[in-house]
Amino acid sequence: VVKIIVELQSSDFSVDAVLQKLRTSRNIGCVVTFVGIVRGTSTDGKPVTSLELEAYTEMAKKSMVSLATDAKTKFELEDIAIIHRVGKLSVGENIICIAVASAHRETAFKACKWLIDELKKLVPIWKHEFVSGSACIAQ
Amino acid sequence: MVMGVPELTLELPDGTDISTVLNILEHRKPELRKLRNMTMIALNRSYADMNTILKDGDELAVFPPVGGG
């Protein structure tokens with residue numbers, strides 16, 4: 001049975017705790033993890049003070065479940081976790097954790113990259129970057 | 001919030017499609033017009049085609065390009 005964990009939450013997460021939840025099958029040979037964190041510099045080089053993440057909540061959750069389900073089929077994964085935070089975050093804080101468990105590393109690396117790339121294109125979550133007192137939407 | 005409110009309820013004739021709703025919104029807020037090419041549309045929390053006909057009680061979301069992660 002493939003385990004799919006999807007969470008949209010304001011609180012922080014423990015990557016270790018996420019990884020422990022994925023070790024559910026004897027078929028798992030590896031877990032590849034992507035952790036996104038708040039960078040202290042904007043894409044145009046300005047110092048970032050904080051980030052506010054806003055979601056169209058129900059659709060965001062639905063989209064993440066749909067992506068995880070697609071990834072499971074496309075890459076033959078064992079287990080998948082996508083944890084995304086919302087709310088105001090400071091530089092250095094965790095934003096997202098994507099973890100994929102698979103029999104072999106090649107599919108796990110591919111799946112993890114595919115998931116974060118698709119999530120950025122499709123899941124209705126927006127980043128408002130605060131740069132020295134002003135805010136703008138970041139990609 | 002380009003429209004100035006988080007949500008609006010519209011009374012529409014039968015057979016109205018999403019594209020027509022956008023025209024109505026643009027008529028109310030002309031500055032929306034220049035954003036049309038970058039607008040993403042979801043109907044009942046799934047991405048939808050502009051030609052989709054709306055039904056009573058549908059929830060249409062109009063938002064800028066997403067960028068989480």
Side-chain angles (χ1 to χ4, degrees), chain A residues 6-10 33-39 42-43 51-70 82-87 89 94-99 112-129 135-139, chain B:
Chain A
V6 167
E7 302 283 353
L8 194 60
Q9 61 189 47
S10 54
T33 309
F34 170 83
V35 178
I37 61 174
V38 181
R39 192 176 49 237
S42 66
T43 41
L51 202 66
E52 183 145 22
L53 288 144
E54 186 187 359
Y56 180 27
T57 308
E58 292 308 317
M59 183 176 168
K61 282 186 197 166
K62 187 175 159 182
S63 305
M64 289 195 288
V65 170
S66 168
L67 280 180
T69 308
D70 289 351
I82 307 176
I83 319 292
H84 203 304
R85 293 181 69 195
V86 290
L89 305 180
N94 291 327
I95 301 173
I96 185 172
C97 176
I98 295 179
C112 196
K113 183 180 185 314
W114 184 84
L115 276 166
I116 183 62
D117 289 347
E118 292 298 303
L119 182 142
K120 280 178 170 287
K121 283 188 277 186
L122 295 173
V123 178
I125 297 176
W126 300 270
K127 282 179 193 157
H128 303 271
E129 244 173 18
C136 61
I137 292 180
Q139 290 296 301
Chain B
M1 282 185 290
V2 180
M3 296 305 291
V5 287
E7 58 181 74
L8 281 172
T9 302
L10 299 174
E11 293 283 342
L12 303 163
D14 285 350
T16 303
D17 66 5
I18 293 175
S19 168
T20 306
V21 175
L22 289 194
N23 291 340
I24 293 168
L25 296 177
E26 286 170 3
H27 184 70
R28 290 192 187 185
K29 277 277 176 190
E31 53 266 50
L32 260 180
R33 209 162 286 146
K34 62 177 186 285
L35 303 174
R36 167 95 58 133
N37 289 341
M38 43 198 288
T39 297
M40 299 178 85
I41 306 287
L43 181 63
N44 301 326
R45 298 158 189 177
S46 294
Y47 288 110
D49 192 86
M50 294 290 250
N51 302 320
T52 309
I53 305 289
L54 297 170
K55 305 184 303 297
D56 200 23
D58 275 348
E59 177 181 300
L60 184 69
V62 181
F63 48 78
V66 302

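Because the structure is predicted, anything quoted here is derived from the model rather than measured. These values consider heavy atoms only, across backbone and side chains, with no hydrogens, waters or symmetry-generated copies. Convention: sequence-line order gives letters A, B, ...; per-chain numbering from 1.
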Over all atoms of both residues, closest heavy-atom pair of A:S63 and A:V123 = CB-CG2, 3.8 Å
key: Residues in residues 41-54 of chain B near chain A [non-hydrogen atoms, under 4.5 Å]   = B:A42, B:N44, B:R45, B:S46, B:Y47
ask   = About how many Å separate CD of A:E118 and OG of A:S66, when rounded to the nearest 0.5 Å?
value = 10.0 Å
task = Show your working on side-chain contact (heavy atoms from CB on, under 4.5 Å) between A:L67 and A:L115 and close with a plain yes or no.
result = CA-CA 7 Å; A:L67 280 180; A:L115 276 166; 4.0 Å; yes
key: Point-to-point distance, once rounded to the nearest 0.5 Å, from SG of A:C97 to CD1 of A:I95   = 12.5 Å
query = Taking it one step at a time, do A:L119 and A:I96 satisfy side-chain contact (heavy atoms from CB on, under 4.5 Å)?
reply = CA-CA 11 Å; A:L119 182 142; A:I96 185 172; 3.8 Å; yes
message = Heavy-atom cut-off 4.5 Å, strictly under: side chain, backbone, both or neither for A:I82 against chain B?
response = neither
query = What is the distance from atom NZ of A:K121 to atom CE of B:M40, rounded to the nearest 0.5 Å?
reply = 10.5 Å
key: Interface residues of residues 22-36 of chain B facing chain A - heavy atom cut-off under 4.5 Å   = none
key: Which atoms of A:I125 approach chain B - backbone, side chain, both or neither, heavy atom under 4.5 Å   = both
inquiry  = Using side-chain heavy atoms (C-beta onward) and a distance below 4.5 Å, is B:P65 in contact with B:F63?
reply    = no
Just list the side-chain donor-acceptor pairs under 3.5 Å for residues 51-60 of chain A, sequence neighbours left out, or say none.
unit_1	atom_1	unit_2	atom_2	d
A:E54	OE1	A:H128	NE2	3.0
A:Y56	OH	B:E59	OE2	2.3

request  = Kindly say whether A:S10 contributes a backbone atom to a donor-acceptor pair with the side chain of A:R85 at under 3.5 angstrom?
outcome  = yes
Salt bridge (charged side-chain N to carboxylate O under 4.0 Å, His left out) involving A:D117 - partner list, sequence neighbours excluded = A:K113
